[in-house]
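What follows is one structure encoded as structure tokens, with my remarks underneath.
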Amino acid sequence: MTGYRYRFVGPEELRAGVRPERRGRVVRGPGDLREPDLGEVFTYVVDLQGLLRLAPRRSEHVVCAGGEPVLAAGEIRFRAGGAESAGRAGGRSGAGGRSGGDGRSGMGSRDGRAVAGVSNLSTGYCPDVTSWDAVAAALDGAGIGRPEEFTDPVVFRWCPSCRQVQVVREAYFVCVFCDGDLPEEWNADRAAETQ
């Protein structure tokens, strides 16, 4: 699978929880989403093989990923349903990634499973909104319906002045810690270089 490989940029002590048995479960098809999973929010990663992995919401993304780099990370919620649009789970419209362009977006799976909401909210990996392409491909490969883009996109930036990672809100690219200018291009992986 191709795409940007996001390195873990969070606190190193979080890696202590990485164990093979705690890695996120793989979702290869709609049948891998059990009835109790519907409506629950999960921590997810798309691993380097392009597979969607799920862990309970309060899990650390680095644990879900087995300590490895990822193609995408965030939070996701599924629903039962047919071919109606997955819609927005909240937040503002018009932001996010791109559609896979294959006509699958917004569609429910044959088993009636679809994404109700999905974000790139992972302070451990701080993925760019362009990681949507990897999420869309993983969901399409698993036959799970999806929206056209992240329903709740998060814009991460690393401040070159004070060296803090933060969330950019309302396209205001100014550091909340030191009032320094933030770059418009994604650069959150620089945080890993300063640890």
Side-chain angles (χ1 to χ4, degrees), residues 1-18 23-24 41-55 57-77 89-100 117-139 147-195:
M1 178 83 195
T2 60
Y4 189 86
R5 295 171 181 225
Y6 295 95
R7 299 177 291 171
F8 180 69
V9 298
E12 277 305 307
E13 59 268 15
L14 296 181
R15 286 186 189 271
V18 174
R23 195 168 189 184
V41 177
F42 290 92
T43 291
Y44 80 85
V45 299
V46 176
D47 67 19
L48 295 182
Q49 290 71 48
L51 298 173
L52 180 69
R53 290 183 172 274
L54 300 180
R57 184 179 198 181
R58 302 285 183 234
S59 302
E60 295 295 339
H61 288 92
V62 69
V63 174
C64 185
E68 299 295 320
V70 299
L71 300 175
E75 294 185 340
I76 194 166
R77 183 171 44 91
R92 51 191 163 73
S93 61
R98 298 175 299 279
S99 165
V118 59
S119 76
N120 60 318
L121 179 58
S122 168
T123 57
Y125 286 98
C126 301
D128 191 30
V129 294
T130 59
S131 65
W132 170 252
D133 291 341
V135 177
L139 291 166
E148 292 281 334
E149 59 190 9
F150 285 121
T151 57
D152 299 291
V154 179
V155 176
F156 292 101
R157 291 297 183 271
W158 177 80
C159 178
S161 297
C162 70
R163 303 162 69 111
Q164 297 292 318
V165 175
Q166 58 204 279
V167 173
V168 173
R169 301 195 191 280
E170 299 177 8
Y172 186 64
F173 289 86
V174 175
C175 180
V176 298
F177 302 106
C178 74
D179 289 328
D181 290 335
L182 297 174
E184 290 193 25
E185 295 293 317
W186 180 85
N187 70 341
D189 60 342
R190 296 283 310 276
E193 298 166 9
T194 63
Q195 291 181 348

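Heads up: numbering here begins at 1 and tracks the sequence.
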Rounded distance (nearest 0.5 Å) linking atom CZ of Phe173 with atom CD of Glu184: 5.5 Å
Sub-4.5 Å side-chain heavy-atom contact between Asn120 and Val129: yes
Contact check, side chains of Val9 and Trp158, non-hydrogen atoms, under 4.5 Å: no
Donor-acceptor contact present, side-chain Thr43 to main-chain Ser59, <3.5 Å: yes
Worked verdict on Val63 versus Leu14 for side chain to side chain contact (heavy atoms under 4.5 Å, CB included): CA-CA 8 Å; Val63 174; Leu14 296 181; over 6 Å; no
Rounded distance [0.5 Å steps], CZ in Phe177 versus OG in Ser161: 13.0 Å
CD/Glu185: more than 12 non-hydrogen atoms of other groups inside 6.0 Å: no
Donor-acceptor contact below 3.5 Å, side chain Arg7 vs main chain Asp189: yes
4.5 Å side-chain heavy-atom contact, Val62 and Tyr125: yes
Inter-residue atom distance Tyr4.OH - Asp133.CG, 0.5 Å rounding: 15.5 Å
From CG (Asn187) to CZ (Phe156), nearest 0.5 Å: 12.5 Å
Set of ring-ring contact (aromatic ring centres under 6.0 Å, His included) partners for Phe42, sequence neighbours left out: none
Gap separating the CG atom of Leu54 from the CD1 atom of Ile76, nearest 0.5 angstrom: 7.0 Å
Backbone of Ser119 reached by a side-chain donor or acceptor of Tyr44 within 3.5 Å: yes
Contact summary for Ala73 and Pro127, nearest pair of heavy atoms: O-CG, 3.4 Å
Rounded distance [0.5 Å steps], OG1 in Thr151 versus CD in Glu148: 12.5 Å
Closest approach of Val45 to Cys64 (non-hydrogen atoms, all atoms of both residues): CG2-SG, 3.9 Å
Flag side-chain contact, heavy atom, 4.5 Å: Val70 against Val46: no
Min side-chain heavy-atom separation Arg5-Leu48 under 4.5 Å: yes
Leu71 backbone acceptor or donor facing Ser131 side chain under 3.5 Å: no
Gln166 backbone acceptor or donor facing Arg157 side chain under 3.5 Å: no
N/O donor-acceptor pair under 3.5 Å between Arg53 side chain and Ala65 backbone: no
Option passing side-chain hydrogen bond (donor to acceptor under 3.5 Å, both in side chains) with Ser122 (candidates His61, Glu60, Glu75): His61
